[in-house]
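Atoms considered below: every heavy atom in the structure, side chains included; atoms not considered: hydrogens, waters and symmetry mates.
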Number of protein chains: 4
Amino acid sequence: MKTPRAVPAEQRVRHPTEVRRQLIVRAALDLMAERGISGVNAREIAKQAGVSPGTVSYHFASVREILAEAITVTIEEYYATLTAGIQQRTPTEALRALIDALFTDDTERHWRLWFEYWWSGNSDEDFAARQAARYADWHAQIHAIIAAGCDADEFSCADPDEVTVRFVALVDGLALQWLRGAPSLTAEQAREHLHRFVVDSLMPAPNS
Amino acid sequence: MKTPRAVPAEQRVRHPTEVRRQLIVRAALDLMAERGISGVNAREIAKQAGVSPGTVSYHFASVREILAEAITVTIEEYYATLTAGIQQRTPTEALRALIDALFTDDTERHWRLWFEYWWSGNSDEDFAARQAARYADWHAQIHAIIAAGCDADEFSCADPDEVTVRFVALVDGLALQWLRGAPSLTAEQAREHLHRFVVDSLMPAPNS
Amino acid sequence: MKTPRAVPAEQRVRHPTEVRRQLIVRAALDLMAERGISGVNAREIAKQAGVSPGTVSYHFASVREILAEAITVTIEEYYATLTAGIQQRTPTEALRALIDALFTDDTERHWRLWFEYWWSGNSDEDFAARQAARYADWHAQIHAIIAAGCDADEFSCADPDEVTVRFVALVDGLALQWLRGAPSLTAEQAREHLHRFVVDSLMPAPNS
Amino acid sequence: MKTPRAVPAEQRVRHPTEVRRQLIVRAALDLMAERGISGVNAREIAKQAGVSPGTVSYHFASVREILAEAITVTIEEYYATLTAGIQQRTPTEALRALIDALFTDDTERHWRLWFEYWWSGNSDEDFAARQAARYADWHAQIHAIIAAGCDADEFSCADPDEVTVRFVALVDGLALQWLRGAPSLTAEQAREHLHRFVVDSLMPAPNS
DNA sequence: TATGAATGAGAGTTCATTCAT
DNA sequence: AATGAATGAACTCTCATTCAT
């Protein structure tokens, strides 16, 4: 998860723009995870990336752009991880895998960056639109799994829409408590709570 | 050791420190609600409060202190409002009143400031400790209502702790979706969802 | 040597201007000795004196004036101490007493303040004139003792003026090394050096 | 996170850091000599150096650092001048050359800056350590000349250590009187006094 | 493509002084 | 005589951005 901090300094390499952009974005991500968004500035990004401030400006129009790009990358990677665990399983297994992937030590960084960035006031319209779409996707994916489970009689659900909203809200709310750290909720506890929620809401006692 | 300036005075209004501090905090809150936390600075606070920058520094040691104070005030007021609606009611009525008070246009500002400040990295240890205590209070209050309802046989609940955690997480998660604005959840929908959650979790069908 | 830091705060007393001025000057001296001249400001002087900033401004036209007054007081006291030890003695005893009074732990504060203030750029013409007169006095006093010793055949000196200049310069130079602290010269060593100087220059071997 | 400004550029001159640092230090020295240390600030240094305030900050971490560097340069140059006149001479000639180099109109600026800075409270530990070493060097150099003179029978001295301390103190004390300007001692008189001191202390009448 | 010295507006903070009370 | 809230210019330092090389 940590980008190596290679800073040759003497033998500076020329990279195609896309490669250099990625290196800079990775450097920015490391800094953001370490010091928080307000602790990141152009000079530090340049130093972390092993290039001069001019190089950073050459490849990006502004620091804002770097941060937005970095957050986008973080979220893409996170969703890719989540989605990867879902494919080709029964709905029950899919939900279990999803919940287990949501809160891990690896994902804490993603959640933290995401929350912090969201409220930092740095997001522009373009970015907001993309994230809204991403969030709708996430919502739809949960809904699809639940609906499939209902269809296959794995789940017994009166209202899949209702359960979806509740599930998504619960995920965000538990994440918040987890990151906030008080009254301390561990990643494991958050996962267990979600598993219980699935059982309670979608798998009622067979004799009822 | 440099010669200082004269003071025109015009129409100086004098206030006791406590009054002036409150005026400055209110000015800061207005700015924070309008422009976000990163859009607030000492000069603007002074202008908004109708005083000179020196006056702000006279009453507060730092801008950070103003922001922390402002957020504290916001939260205190919000919790006071919530708590006011709870007293002297049956548990069922108390929960209903609480939910209706949680998401209103008035409270949006509180939620927004609260989230933004939380992630801004401006909070110090002292502040964090106070907020953790406040959050624990909130948790305890919900738990008390639910437990009282169970004791009075208004609610039927297997595990009050479980329900409390779920309720609190749901509140935060719905608030997040509401403020985030995508996929747009209105305050009314959030309230309705919570009301349904109470019915589902605490008031099962009587014949069961 | 330390002014007590009485700060009643509740029961503030009214003092005649001269008394209040002295209290403020003493407070300023304590601060100057403790933190150096650049570490002293109007607010701190007021706090140390147990009065409000306004009171300081009421009694003094400027901070500069307080500092000048404070240094003047310091020097007056120092010279009074030096002079006290000289009266009614033989020239030899007078010089000995003088040298012993020059460098003591008590006088370090006086020297330090004096040097620091001298170079701080705060001295105005009025102050400079008074200090020049004071310095001429000091010079004359040394000269008088030496001349008296020569007249009384206690000292054998070819040129009293010459010896006076050398003695005065030596005093200042040793003080500088002492305060500077490197290569460490103690107060005792400085005194001994001056005593040897007196013997060398004014009391040659009787058989020569 | 605020939008920055454009740069007019006009006639920007670019220098390697080391060159620019020296130019800034020279500018600071000019100001210090003219207005005293307390009259120097970052803005003025920038203006004097013909650069923007930002450029000053780019090359130095703080104003303090500039002042310390400036004083160091001053002292280095002064000692270099003194030392230059000493080499390859007899001890007698060396001392004469040294004394003549000590007090000249050129060196007044060095003495003044040195004294002023010493008491300004701006010096840090690092600086103090370096200056202590420099002062020890100076002491050692005087001692070496005197000892060489004694060995070569040019000087007749009972105690070279004693004479060294006295010589160094005399130099500082005379400098103080010279710069202080009251009771006015000229550079020429100071030099003459030191020459007489050398004759008195190290070159007694041949018949003794 | 990459550099890094240069920019300058603006940030937070300090502080001697004023003046209504 | 004493207060202390208020002032505002001036301070040092930051930093995203520019541009000649």
Side-chain angles (χ1 to χ4, degrees), chain A residues 12-17 19-20 40-46 51-64 66, chain B residues 1-17 19-21 41-46 51-64 66, chain C residues 12-17 19-20 41-46 51-64 66, chain D residues 1-17 19-21 41-46 51-64:
Chain A
R12 265 167 197 148
V13 195
R14 287 168 73 97
H15 287 297
T17 292
V19 173
R20 183 59 86 201
V40 170
N41 62 44
R43 272 270 236 296
E44 291 296 314
I45 293 174
V51 297
S52 77
T55 302
V56 171
S57 280
Y58 179 82
H59 291 288
F60 293 87
S62 69
V63 169
R64 259 171 94 114
I66 302 174
Chain B
M1 303 296 172
K2 269 289 155 85
T3 34
R5 271 125 301 294
V7 178
E10 302 188 25
Q11 278 202 334
R12 286 203 229 172
V13 186
R14 291 167 63 92
H15 290 295
T17 289
V19 173
R20 180 60 83 201
R21 275 181 73 97
N41 63 46
R43 236 82 152 189
E44 291 296 315
I45 293 174
V51 296
S52 76
T55 299
V56 173
S57 281
Y58 180 79
H59 294 286
F60 292 89
S62 68
V63 170
R64 256 172 97 110
I66 302 175
Chain C
R12 267 171 196 141
V13 196
R14 287 169 74 96
H15 287 297
T17 293
V19 173
R20 182 58 86 202
N41 62 45
R43 271 271 236 297
E44 291 296 314
I45 292 173
V51 296
S52 77
T55 301
V56 172
S57 281
Y58 180 82
H59 291 288
F60 292 89
S62 69
V63 169
R64 259 173 92 115
I66 303 174
Chain D
M1 305 297 170
K2 269 288 155 83
T3 35
R5 272 124 303 292
V7 179
E10 302 187 24
Q11 277 201 335
R12 285 204 230 172
V13 186
R14 291 168 61 92
H15 290 295
T17 288
V19 173
R20 182 59 84 201
R21 275 180 73 97
N41 63 47
R43 230 85 148 194
E44 291 296 315
I45 293 173
V51 295
S52 77
T55 300
V56 173
S57 282
Y58 180 80
H59 293 287
F60 292 88
S62 68
V63 170
R64 257 171 96 111

Practice prompt. Go ahead and write out DNA chain E as dot-bracket, 5' to 3': ( ) for pairs within the strand, [ ] for ones crossing earlier pairs, | when the partner sits on another strand, dots for unpaired; Watson-Crick or G-U wobble, both distances under 3.5 Å.
Written response: .||||||||||||||||||||

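Checking F:dA5, E:dA6, F:dG4 against the side-chain heavy atoms of B:Thr17 singles out F:dA5 as nearest.
For F:dA6, neither phosphate oxygen OP1 nor OP2 lies less than 4.0 angstrom from any side-chain nitrogen or oxygen of B:His15. The side chain of D:Arg14 places no N or O atom within less than 4.0 Å of a non-bridging phosphate oxygen (OP1 or OP2) of F:dT21.
Taking atom CD on A:Glu44 and atom P on F:dA16, their separation rounds to 10 Å, with Å as the unit. Going from atom NE2 of A:His59 over to atom P of F:dT17 covers 15 Å, rounded to whole Å. A straight line from CZ of B:Arg21 to P of F:dG4 spans 17 Å, rounded to a whole angstrom.
You'll find the side chain of D:Val63 stays beyond 4.5 Å of the side chain of D:Asn41, heavy atoms only. In this structure, the side chains of C:Thr55 and C:Ser52 come closer than 4.5 Å at one or more pairs of heavy atoms.
When all heavy atoms are compared, the tightest approach of A:Val13 to A:Arg20 is O-NH2, 3.0 Å. Nearest heavy atom pair, residue B:His59 against residue B:Arg21, reads O-NH1, 2.8 Å.
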Give me the distances for all protein-to-nucleotides 13-15 of chain F N/O pairs that come in under 3.5 Å?
| unit_1 | atom_1 | unit_2 | atom_2 | d |
| --- | --- | --- | --- | --- |
| F:dC13 | OP2 | D:Val63 | N | 3.0 |

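At a threshold of 4.0 angstrom between heavy atoms, the contacts of B:Val51 are confined to the sugar-phosphate backbone, with no base atom among them.
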